[in-house]
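This report concerns only the one structure given below.
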Amino acid sequence: MRYEKDFRNLQLTEDTVLSLGKFDGLHRGHKTLFDSLFEKAAQGRKTAVFTFDIPPQNIAHGTKAQVITTNKERHKLLAQRGIDYLIECPFTEEIMHMEAEQFILEITRRLCVKWIVVGTDFRFGYQRRGDYHMLQEHAQRFGYQVRVVQKMQYAGRDISSTYIREEIERGNLELANELLGYPYFLEGEILHGNQVGRSIGFPTINMQPPFEKLLPPFGVYLSEAVIDGRRFYGITNIGKKPTIQGTYPIGAETYLYDFHEDVYGKHAKVELLHYVRPERKFEGLEELQAQLAQDISYGIAYRA
């Protein structure tokens, strides 16, 4: 997949089928867009996805929105789906104030667009004035066609990033994963911890999620980890280690069943599957050790 960030100096020469949006989570609803994207690209065109490098509300509303998938994770997922071009445009003040008609001109001229595939809720341009109706109105003028994809639903509700974020924030990983179409995950480098888990017989792999990553409630989760292409069952604690003296950043500690390898510095992907219990402060390491043994027994029995 070809990755482009310098949109203002970009000029593609191959005909493209383009889809636009935030694509946070790349969930089952997005899959219906990509099905249409690949269908229209079957006649020799390239697939292209246009998105922004930060959530627009970060500038528009002065917030720092958390995301289901980071830019790096979104990049990887799109590459795995076979997208030809990812345009990750910086969301600047200039872009934020660009009129919708000018935005259409820019994307069609720079990206050689022959088809645009969007959902019914897609909005663009200054004050979100543009929608799929406007895309259709200007299609003949700019030489493209439009495919509007209806929202996929689950239990009578549109599948959306908002819906999935709500379920992750509730700790309802089963439903979140059903809506995503794959397990919610954290990934990154395995870091050295304070060795407390090892000292009580439960060595863990430690990761620090990026600040923009949306996390479920602090607590213990059944999980699966992927390291060097191999899968391992385990339990993961998301939180700040309240039992251990001192102040710690939010981290993810995963105990892998029957795993004793040195993997510091390697990359891990940890998928969260089921909420077990909230994080809590124990009176001491013996009490923590006993609870971890219970958590592990629960996890093994849950999979049996």
Side-chain angles (χ1 to χ4, degrees), residues 1-24 26-56 59-60 71 74-75 77-152 158-161:
M1 182 177 71
R2 178 175 161 184
Y3 170 72
E4 296 287 349
K5 194 173 180 70
D6 187 10
F7 176 64
R8 300 314 301 251
N9 294 311
L10 179 62
Q11 183 59 67
L12 301 185
T13 57
E14 300 172 290
D15 290 348
T16 65
V17 180
L18 176 70
S19 191
L20 308 96
K22 298 175 187 176
F23 299 107
D24 185 21
L26 287 170
H27 50 69
R28 288 174 56 199
H30 293 134
K31 183 181 181 300
T32 61
L33 283 175
F34 295 142
D35 288 345
S36 289
L37 198 71
F38 286 111
E39 176 190 334
K40 294 303 180 185
Q43 294 121 8
R45 305 181 184 101
K46 297 294 184 180
T47 54
V49 167
F50 181 100
T51 189
F52 293 116
D53 64 341
I54 60 172
I59 290 182
N71 289 1
R74 180 175 62 189
H75 186 158
L77 289 169
L78 286 169
Q80 290 171 353
R81 295 192 181 191
I83 298 298
D84 296 308
Y85 291 99
L86 169 59
I87 299 91
E88 193 177 87
C89 179
F91 190 73
T92 61
E93 291 281 349
E94 178 188 4
I95 291 291
M96 183 175 70
H97 289 94
M98 184 180 291
E99 293 294 343
E101 293 86 354
Q102 181 65 27
F103 182 75
I104 296 173
L105 172 62
E106 293 284 346
I107 61 169
T108 53
R109 180 168 59 90
R110 295 181 185 280
L111 306 182
C112 205
V113 177
K114 299 305 176 188
W115 276 90
I116 295 178
V117 179
V118 293
T120 53
D121 61 345
F122 177 63
R123 297 290 185 276
F124 63 96
Y126 184 51
Q127 297 182 336
R128 293 167 51 86
R129 195 167 61 83
D131 58 14
Y132 75 88
H133 297 292
M134 182 180 286
L135 288 174
Q136 291 171 329
E137 289 169 7
H138 291 281
Q140 186 172 0
R141 175 186 173 192
F142 293 113
Y144 61 84
Q145 298 182 71
V146 181
R147 166 70 66 87
V148 181
V149 178
Q150 297 297 315
K151 302 285 285 187
M152 177 181 285
D158 290 347
I159 296 178
S160 67
S161 300

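We find the CG-NZ distance between D158 and K151 to be 5.5 Å, quoted to the nearest 0.5 Å. Distance check: E106 CD to I104 CD1 gives 11.5 Å after rounding to the nearest 0.5 Å. With rounding to the nearest 0.5 angstrom, the CD atom of Q127 is 10.0 Å from the CE atom of M96. The structure places NE2 of H30 at 8.5 Å from OG of S160, a figure rounded to the nearest 0.5 Å. With rounding to the nearest 0.5 angstrom, the OG1 atom of T108 is 9.5 Å from the NZ atom of K114. The OH atom of Y144 sits 7.0 Å away from the CD1 atom of I107 when rounded to the nearest 0.5 Å.
Heavy-atom minimum distance, L10 versus R2: CD1-NH2, 4.0 Å. Residues S36 and R147 come closest through the heavy atom pair OG-NH1, 3.2 Å. Minimum heavy-atom separation, I87 to A48: CD1-CB, 4.2 Å. Scanning all heavy atoms of the two residues, the minimum distance from T16 to V113 falls at OG1-CA, 3.5 Å. The two residues G119 and V148 have their closest heavy-atom pair at C-CG1, 4.4 Å. When all heavy atoms of V118 and I116 are compared, the closest pair comes out as CG1-CG2, 3.8 Å.
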Output, in order, the C-alpha distance, side-chain angles, deciding distance and verdict of side chain to side chain contact (heavy atoms under 4.5 Å, CB included) for L105 and Q102. CA-CA 5 Å; L105 172 62; Q102 181 65 27; 3.8 Å; yes
Check against side chain to side chain contact (heavy atoms under 4.5 Å, CB included), T120 and Q150: CA-CA 6 Å; T120 53; Q150 297 297 315; 3.6 Å; yes
Verdict with reasoning, L86 to T51, per side chain to side chain contact (heavy atoms under 4.5 Å, CB included): CA-CA 8 Å; L86 169 59; T51 189; 4.0 Å; yes
Please step through side chain to side chain contact (heavy atoms under 4.5 Å, CB included) for the pair R129 and M134, ending with a clear verdict. CA-CA 9 Å; R129 195 167 61 83; M134 182 180 286; 3.7 Å; yes
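Without hydrogens or angle criteria, S161 side chain to D24 main chain gives a donor-acceptor distance under 3.5 Å. Remark: side-chain polar atoms of R110 are paired, donor with acceptor, to backbone N or O of R8 under 3.5 angstrom. Checked by atom type and distance alone, the side chain of S19 pairs as donor or acceptor with a backbone atom of V117 at under 3.5 Å. Although no hydrogens or angles enter the test, the distance criterion places no donor-acceptor pair under 3.5 Å between the side chain of R109 and the main chain of F142. Of the possible polar contacts, one joining the N71 side chain to the D53 backbone as a donor-acceptor pair under 3.5 Å is found.
Between F34 and F23, the distance separating the two ring centers is shorter than 6.0 angstrom. Remark: aromatic rings of F103 and F50 are close, center separation under 6.0 Å.
For the pair F7 and L111, the minimum side-chain heavy-atom distance is below 4.5 Å. Side-chain contact between D35 and V149 is absent, with no heavy atoms from C-beta onward closer than 4.5 Å. Counting heavy atoms from C-beta on, the side chains of M152 and H27 never come closer than 4.5 Å. In this structure, the side chains of P90 and K5 come closer than 4.5 Å at one or more pairs of heavy atoms.
Applying the side chain to side chain donor-acceptor pair (under 3.5 Å) criterion to Q136, with sequence neighbours excluded, gives no partner residue. In terms of the ring pair (Phe, Tyr, Trp, His ring centres under 6.0 Å) criterion, F38 has no residue partners (sequence neighbours excluded).
A side-chain donor-acceptor contact under 3.5 Å links R45 and Q43. Donor-acceptor pairing under 3.5 Å is lacking for the side chains of R81 and T47. Side-chain contact of Y85 with E4: a donor-acceptor pair under 3.5 Å is absent, judged by distance alone.
The number of heavy atoms from other shown groups lying within 6.0 Å of CD (Q140) does not exceed 12. Counting non-hydrogen atoms of neighbouring residues, nucleotides and ligands closer than 6.0 angstrom, the NZ atom of K31 reaches no more than 12 such neighbours.
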